[in-house]
Amino acid sequence: MELVRGIQNLRPRHRGCVATIGNFDGVHAGHQAILKRLRADSARMNLPGCVVIFEPQPREYFSPGDAPPRLTRLRDKLALLETQGVDRVLCLSFNRRLREMSAEQFVQQILIDGLGVKHLEVGDDFRFGCDRSGDFAFLQGSGERHGFTVEAANTVAESGERISSTRVRQVLAEGDFSLAERLLGRPFSISGRVLHGQKLGRQLGAPTANVQLKRLRAPLQGVYRVSVELNGVTQKGVANIGSRPTVDGDGQAHLEVHLLDFDGDLYGRRITVVFHEKLRDEQRFDSLDALKAAIKADFAAARAQWGL
Ligand SMILES: Cc1cc2nc3c(=O)[nH]c(=O)nc-3n(C[C@H](O)[C@H](O)[C@H](O)COP(=O)(O)O)c2cc1C
Ligand SMILES: Nc1ncnc2c1ncn2[C@@H]1O[C@H](COP(=O)(O)OP(=O)(O)OP(=O)(O)O)[C@@H](O)[C@H]1O
């Protein structure tokens, strides 16, 4: 899969493709249905399938303080798009220039001049352009003028409700991991590199792998039963995502994982933490002893659930 960062990196050879546009945060089952159609179009028309995404996502640009948490960082999103058979991703920087583009300009500059789009797949509710003025009818009209076809995919629903990134975030916040798995088409996970922590964990009876979240605002908070694949073996564990109010108050979110019955070195490795069940909210304890006792109870609860 080829990644093109910004319109300025589009070359004449990129012209001529079938395309779709959106945030694709989480690459959920609704997105996967569109991507399946894109693959079929690509085979039928013998053209590469291109996905146009935005970074940052528009809401992160408009209100950085209270944009929703991300299900996938750019890196994870790209990896998932690749597994969906996407040939090319055009990642547009969402900035003032893009924000001020009218729907008409977006079609002309990006879809026609930049990508030479021959066929476009969108969801039935898709809107774009300054003030979200571009919709399916608008695209169809443009297509007739500029010589590309447009199709709208039917809404993909689960339990009678449309699947969306927003819904996945809500379901995760409610701790419904089996529904989240159905919406995503895979269990929810967070990947990252293991960094050195404050080495306090051992004193608390809980050595932990500190997974780097960088700027990711995770859609989860609290203590969870998790698993991690290591060298082809599923290691069972317990994770905390939060600001660790008992021991430090830098306000930053940390993801820490303790693997049960495991005694290896994970520093520097990239791991994927799969979430299975919420055990409790993170709390501020009055003493390290109280935190230690709570962590011990978390381990016992996770062991009982795993049947260990
Ligand atoms: C299962 C588990 C539950 C935790 N729960 C809390 C909590 O409720 N409140 C809190 O302040 N820290 C909590 N922590 C974070 C610990 O404070 C943290 O792991 C410890 O400070 C070790 O940090 P270090 O690895 O940077 O040394 C939890 C950690 C784990 C592994
Ligand atoms: N459940 C779905 N069924 C059909 N198409 C979908 C579905 N979800 C998203 N799409 C389409 O996939 C493309 C990308 O969607 P996008 O990521 O922008 O929105 P979303 O998943 O609905 O997220 P949000 O909750 O942020 O609105 C758009 O064309 C959108 O209409």
Side-chain angles (χ1 to χ4, degrees), residues 19-38 51-54 57-60 67-68 70-72 77 81 120-128 132 135-136 139 150-158 161-170 183-185 194-211 221-226 237-250 252-260 279-288 290-302:
T20 185
I21 313 162
N23 286 318
F24 289 90
D25 187 24
V27 193
H28 57 62
H31 295 143
Q32 290 167 30
I34 298 237
L35 298 171
K36 188 173 170 193
R37 295 172 64 116
L38 192 72
V51 178
V52 181
I53 58 171
F54 307 99
Q57 295 182 174
R59 287 180 67 185
E60 294 164 344
R70 279 284 275 262
L71 298 170
T72 40
K77 197 189 281 189
L81 289 172
L120 198 61
E121 284 288 346
V122 289
D124 45 10
D125 72 331
F126 178 68
R127 289 186 163 270
F128 70 103
R132 296 169 60 77
D135 59 7
F136 178 68
L139 283 171
V150 190
E151 253 176 341
N154 292 330
T155 289
V156 180
E158 166 63 48
E161 251 186 86
R162 179 184 169 85
I163 301 176
S164 66
S165 307
T166 307
R167 185 165 168 220
V168 178
R169 290 183 197 110
Q170 281 162 357
L183 300 180
L184 286 169
V194 176
L195 301 177
H196 289 268
Q198 293 167 20
K199 310 283 160 67
L200 236 172
R202 274 167 215 282
Q203 285 175 44
L204 292 168
T208 56
N210 293 258
V211 181
Q221 240 186 346
V223 181
Y224 297 87
R225 182 163 65 85
V226 301
V238 185
N240 183 55
I241 301 194
S243 56
R244 311 187 300 185
T246 313
V247 295
D248 68 16
D250 64 1
Q252 294 268 16
H254 296 259
L255 166 57
E256 293 177 284
V257 189
H258 171 81
L259 298 177
L260 299 163
L279 298 174
R280 66 174 171 89
D281 285 325
E282 185 182 52
Q283 277 169 253
R284 186 178 191 288
F285 292 98
D286 291 337
S287 65
L288 282 183
L291 171 61
K292 197 170 167 178
I295 292 177
K296 200 172 159 198
D298 295 331
F299 291 179

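Atoms within each ligand, like the ligands themselves, are counted from 1 in listed order.
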Note every protein N or O atom lying under 3.5 Å from an N or O atom of ligand 1, pairing the names and giving the distance.
from     : atom 1 : to   : atom 2 : distance (Å)
ligand 1 : 5 (N)  : R280 : NH2    : 3.0
ligand 1 : 8 (O)  : R280 : NH1    : 2.8
ligand 1 : 8 (O)  : R280 : NH2    : 3.4
ligand 1 : 8 (O)  : Q283 : N      : 3.0
ligand 1 : 8 (O)  : Q283 : O      : 3.4
ligand 1 : 9 (N)  : Q283 : O      : 2.6
ligand 1 : 11 (O) : P245 : N      : 3.2
ligand 1 : 11 (O) : T246 : N      : 2.8
ligand 1 : 11 (O) : T246 : OG1    : 2.7
ligand 1 : 14 (N) : N240 : ND2    : 3.4
ligand 1 : 19 (O) : E256 : OE1    : 3.0
ligand 1 : 19 (O) : E256 : OE2    : 3.0
ligand 1 : 23 (O) : R244 : NH1    : 3.2
ligand 1 : 23 (O) : E256 : OE2    : 3.1
ligand 1 : 25 (O) : T208 : OG1    : 3.0
ligand 1 : 25 (O) : N210 : ND2    : 3.4
ligand 1 : 25 (O) : E256 : OE2    : 3.0
ligand 1 : 26 (O) : Q198 : N      : 2.7
ligand 1 : 26 (O) : R244 : NH1    : 2.9
ligand 1 : 27 (O) : Q198 : N      : 3.3
ligand 1 : 27 (O) : K199 : N      : 2.8
ligand 1 : 27 (O) : L200 : N      : 2.5
ligand 1 : 27 (O) : G201 : N      : 3.2

### Task
Apply side-chain contact (heavy atoms from CB on, under 4.5 Å) to T208 and list each qualifying residue two or more places apart in sequence or on a separate chain.
N210, E256, H258
### Query
Between T155 and R162, is a side chain to side chain donor-acceptor pair (under 3.5 Å) present by the stated rule, with each step listed?
CA-CA 6 Å; T155 289; R162 179 184 169 85; 3.1 Å; yes
### Approximate separation, where rounding is to 0.5 Å, of Q57 CD and E60 CD
4.5 Å
### From CA spacing to verdict: side chain to side chain donor-acceptor pair (under 3.5 Å), Q221, D281
CA-CA 7 Å; Q221 240 186 346; D281 285 325; over 6 Å; no
### Message
Once ring pair (Phe, Tyr, Trp, His ring centres under 6.0 Å) is applied, do any residues pair with H31, and if so which ones, sequence neighbours excluded?
### Response
F24, H28
### Message
Just verifying a value: how many Å separate N23 CG and I53 CD1, rounded to the nearest 0.5 Å?
### Response
9.0 Å
### Task
For ligand 2, list the protein residues that place a heavy atom within a distance below 4.0 Å of one of its atoms, sorted by chain and number.
I21, G22, N23, F24, H28, G30, H31, I34, V122, G123, D125, F126, N154, T155, V156, R162, I163, S164, S165, T166
### Query
Of V27, T72, V168, which is the lone residue that meets side chain to side chain contact (heavy atoms under 4.5 Å, CB included) with L184?
V168
### Task
Determine, for K77 against D25, whether the closest basic-nitrogen to carboxylate-oxygen distance falls under 4.0 angstrom.
no
### Task
Count the heavy atoms of every other residue, nucleotide or ligand shown that sit under 6.0 Å from CZ of R59, and state whether that count exceeds 12.
no
